[in-house]
Amino acid sequence: MEKTLKKIPINRWIDMLAFVFILIFPLLGFKQFRVDFMCQVVAYIIFAISLDLLWGYTGLMSLGHAVLFGMGGYMIGICFQIQDGAPAFMTREGINEVPSFFLPLKNETVAFIVGLLLPTAFAVFLGFFIFKSKVSGVFFTIITLALAQIAKDFVANQQAYTNGFNGLQGILRYPVSGEPLSKIAYYYVVAAVAILVYVFCIFLTRSRFGKVAVSIRENESRVKFLGYNPAKFKIVIFAISGFLAGLSGLMYAPAMSSITIEEISVTASTFVLICIAVGGRGNLTGAIVGTLLIQWAKVLLSEQCANYWQLILGVILLLIIFFMPQGIIGKIINVQYSIKTRKSKEKILESEENISSVSLNNKQGDEEYGNSFTGG
Amino acid sequence: MINGEVIKMFGRNNPVIVSEEDSSAKNMLELHNIHVNYGKSKIINGLSMSVEQGDKLVIMGRNGVGKTTLIKSIIGLLPSASGSIYFCNNDVTKTPPSERSAGGIAYVPQGREILPDFTVEENLELGAMAHMKGSDQNITKRKEMVYDYFPVLKEHLNRKGGVLSGGQQQQLAIGRALMSKPSMILLDEPTDGIQPNVVADLANTLNRIRKELFVTVVIVEQNLKFAFRIAEKYVILQKGEIVSSGLTTELTDDIVKKYLSV
Amino acid sequence: MATALLEVKNLSVEFSGFKAINNVNLKIEEGEVRVLIGPNGAGKSTIADLITGKTKPTAGSVFFKGVDITGKSPDEIAGKYKIGRKFQGPNVFDNMTVYRNIEIALSGYTTVWKSLFYRRTTEIKKKIKALLEQIRLYEIRDVMATELSHGQRQWLEIGMVIAQNPSLIILDEPTAGMTAEETFKTGEMIKELLGEHTVIVVEHDMDFVRQIAQTVTVLHQGRVLAEGTFEEIEKDPQVIQVYLKDD
Amino acid sequence: MVSVTSIFQNIVSGLNTSALLMVAALGLVIIFGLMGVINMAHGELMMVGAYVTYYTTYVLHIPFLFALIFAFLVTGLIGSLIEMLIIKSLYSKPTETLLATFAVSLVLERVVYLIFGADTKNVPMPIPGNITIAGITIPNYNVFAIAFGILILLLTVFIFQKTSFGKKMRATTQNRSMAECLGIKTSRVDTWTFAYGSGLAGIAGALIAPTISVSTGMGSPYLTESFMTVVVGGVQSVIGTAFGAGIVGEARTIIGGLSSAVTAKILVFLIIIVLIRIKPQGLFAKERR
């Protein structure tokens, strides 16, 4: 195995750097609210990785991914709301007893598991309908767009069950033996989960399964003629992506100690798209670095010029699309690729020269060349 | 029309009295060492050719040698990777098809590409629409001119293009090309999928058009008999290069056997 | 007489009124090299589409090793029945390296489950290396497919079809857009294939057909016009007439 | 038991929703259906139309009808700029077009915010009062909106079928290379088509403005609505979109009347998912060979 250090792609080094930065961040003496925000950003990294699997690797652009994220968040949110009987927003609506279908959520682990399985099941349901039909990719994007809009309206409308516009507050950081985890402890829990998800996705994307996903993105019709059923692969990828999105919601809500409809809307879904587009899609690193850059830019910019930051974000996105379509990390990977293959590309040019040179001289001798062959 | 002396039938901006004999042999179309690729495959590699005003040229060769690609590069649908194309002495290498059409090149593609949802009349008007500065009256005169060559079109003016037979679509496509009063007309395999009897009077009509409208004709065709009745000069392509050219009268049987037959 | 490897029985397909394939019968024996020729629009590629399941026929049926595979999905025909297809314009995975294009085409790991637990064993590596050498792309195996020359992309796709180790290979105009030299090399490559696989080649280039053909089937307007050795076809008046179109 | 009149009441008010939805979707079917461009800024163009109407009617006191035309011209101009500067170089890249138009929506929203400020604006109701026929009361404005919607539909069909621009536009969308060979400058046709689609979005925004409180964030729900209508109606057909608007609008109002607007939206969403499986090209699309 000549897996020398030089062979490791450059972006994996950047991943390690990013995770080291995340791990030492609380020790760098930043104010607590900065550390709290970084905790949310790390949860968002898991969310961005889940969408990169779907969009970056498999080419399925979802504009409603935040709905799956929200399913995770709301499950754990409801869990902590119903710990001691019907919460205020229910009693106000005249529901004094916790509805039966919410009862199982009272138990933290059950809520966590439901927060993972619900988005996965929903992804399989949606995937079954869309991927099995002969419909082009753009319809998937439109359906998920509609999904995000309707989910937001639905949750906002169910005042009695989801506390509507003001969302669910008081989400604790997974109390173990009675006491919720300290902020710093929870920070490292989220960081650990993020690293685990990252390692899992490295395995997934390097496996043949991941390569099939990439080939589906590159040329889905061709893949069928190699014996693969792309619909099955896409449903499984969408399910995994849904699972991880649910997980990121389950990590995010306690870090934020609340979850509102803003976090599951079209804006939230498209915001994570921008993070991946700026970072670069289809290599995981882009999702990590993109989320770190854009989330922090959003916070720092909106502190300085609250009204302008969205304008600046729009302009940045336009610049990236026109001048760096494959994103920051994509650009770096391309540079490494062209260095690495410079040698073998010379071989192509050489082989091309000798091909054309050969065909040059054989052009003069076209006659004898032709006959000598048919005789054989 | 006095034999040998053609007065432009309808006033193009400068009425020109031209007699066939002394038509200056200036080259209407010149291709200098053009290379045309389709994706990564090099279809036309280093082809040079020139077509004079009033020429009747047929481009021949087996399937897949690059005939259609060559025509498409002349009208501008396919960019030439290198080399240059001159039409009436101005460089059109980089100009889009719409400008070349305005310059006087008309194109009848393989398969005719009639717009199915448009009626016969609308298809014809489309041919002139981008060339009309004048009033409607001018369009009707042109349509009359086309009906004179293709009377069958007049009977089906309001039928949708999509429901016409192959032969009728062919006549509509040529009529549509004439609506822009071109000085050069490119036809890509006009006899493809047309019954033999229609092919015969297509040849006569094309000859009439050439004589009366003084249009230079460049035609891609594999039907030898049809080609001989239309063209005076020929060019044979193989693997994207010209392997033989000259007057159609000089086209010997073994050239046909070598480059055209199965 | 053993059942033919592939048998097409009165196959037809109609696209909104136009009969692209009109009652075609074909019989291909194991190990044979059959070349389909015919002028443009004769239906050569449509036949390939019908066999590989890309298009569904309106009448007739396709039998492979005696089993009726008419109308089955492309991935089942390719995966279960092992029919490999090379498309006209090279149809490869652009932003994947040459090595990965071949590896993804390897047969036997096409279900989700198997693809998760596939290991690139040394035995597989040897197989891929041999294949890459056969298609003369071993030195540039880590270059992206987009950067290859046209001829090399055609060879890459031929390599991908071989990697599927199919029992029947369908090559759709493998020499389209190639220089004379590349065409000759492709002919050599395909002749190397002939031993282990049955090959159907859809082709225009007559020199190339002469180079590889055993039996030739001539199609014209969706019908089989003639069938026989290349010499017979060359002299057949009907074929010459169709090709010179002086009907 | 729900009385008959209240059912009719629902149907009639459904007409109003359908009319507004149709004008919004018409702009989208031209840009997305015919040009194949996924325009994420469609909602924001409607928002701009609404603000232009607010400015012209409330501030400049220009009559509402002229305000509508003005909204059409302003959003049409913005549309042509977007097309020329951004869309034109991204035609072969659907993902980049979607992201670029999303960026445009962010920019448009913020620019209008910076000009008009954060507070919501109210466009004075141009045609107050209502009339009652056989027990059903219809606001006069709704009658105007429905009539104007139908006028816009007929105008669009007329332009497409009869005018030379319309023919060039249809030729370009049906066979771009042939249109180019006939001398039609397809890149200029694209700019005009995109501008016309954007202008329609502006008019839709203007029509909706008096009925709601105009805010910079009002755009995005209409983006989804318009896409749903176009998908139901048929991606390639203008008439199909009109029917699509009718169905989605009526379904929303009637079911909304019975239970809640959200359940109506969910039902329409489920219809679309099933529809995609059976008839991907929409209910009314012409069978395109």
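Below, chain A is the first sequence line, B the second, and so on; all start at residue 1. Just the heavy atoms: all of them, side chains too, but no hydrogens, waters or symmetry mates, feed the values below.
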Please classify the contact between [X] and chain A as side chain, backbone, both or neither, with a heavy-atom cut-off of under 4.5 Å.
X      : answer
C:L106 : both
C:K54  : both
C:R141 : neither
C:Y118 : side chain
C:T122 : neither

Quick check: do [X] and [Y] have side-chain heavy atoms less than 4.5 Å from each other?
X      : Y      : answer
A:Y228 : C:T110 : yes
C:V143 : A:Y337 : yes
C:R100 : A:K211 : yes
A:L226 : C:F93  : yes
A:N219 : C:N91  : yes

By the definition side-chain contact (heavy atoms from CB on, under 4.5 Å), identify the one residue from C:T97, C:I140, C:D142 that meets it with A:T341.
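Checked C:T97, C:I140, C:D142 against A:T341; only one passes side-chain contact (heavy atoms from CB on, under 4.5 Å): C:D142.
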
Quick one: ring-ring contact (aromatic ring centres under 6.0 Å, His included) partners of [X], sequence neighbours excluded?
X      : answer
C:F63  : none
A:F209 : A:F233
A:F243 : none

Interatomic spacing from CZ in C:R119 to OG in A:S207 - rounded to 0.5 Å
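Reported to 0.5 Å precision, the distance equals 8.5 Å.
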
Other residues, nucleotides, ligands: >12 heavy atoms within 6.0 Å of A:K232 NZ:
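12 or below, so no.
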
So for atom NZ, which belongs to A:K331, do other residues, nucleotides or ligands contribute more than 12 heavy atoms lying within a distance under 6.0 Å?
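No, NZ of A:K331 has 12 or fewer neighbouring heavy atoms, counting only those of other groups under 6.0 Å.
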
Given a strict heavy-atom distance threshold of 4.5 Å, which part of A:V236 is in contact with chain C: side chain, backbone, both, or neither?
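The side chain, not the backbone.
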
Evaluate side chain to side chain contact (heavy atoms under 4.5 Å, CB included) for C:E103 paired with A:R208, printing each intermediate quantity in order.
CA-CA 9 Å; C:E103 189 173 32; A:R208 186 183 185 81; 4.0 Å; yes

Return the option, out of C:V92, C:I104, C:L116, C:T111, with the maximum number of heavy-atom pairs under 4.5 Å with chain A.
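Looking at each option in turn, the highest pair count goes to C:I104.
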
May I ask you to name which of C:W113, C:Y109, C:F117 has the most heavy-atom pairs under 4.5 Å with chain A?
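Of C:W113, C:Y109, C:F117, C:Y109 has the most heavy-atom pairs under 4.5 Å with chain A.
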
Residues from residues 160-167 of chain C approaching chain A under 4.5 Å (heavy atoms)
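The residues closer than 4.5 Å to chain A, in numerical order, are C:M160, C:V161, C:Q164.
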
Measure from the side-chain N and O atoms of A:E218 to the backbone N and O of C:M96, and report whether any donor-acceptor pair falls under 3.5 Å.
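Here the side-chain-to-backbone pair does not exist.
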
A:K224 bridged to C:E76 by N-O distance under 4.0 Å:
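Salt bridge absent between A:K224 and C:E76.
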
Considering non-hydrogen atoms only, spot the tightest contact between C:K86 and A:R222 and give its length.
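In terms of heavy atoms, the two residues are closest at CA-NH2, 4.5 Å.
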
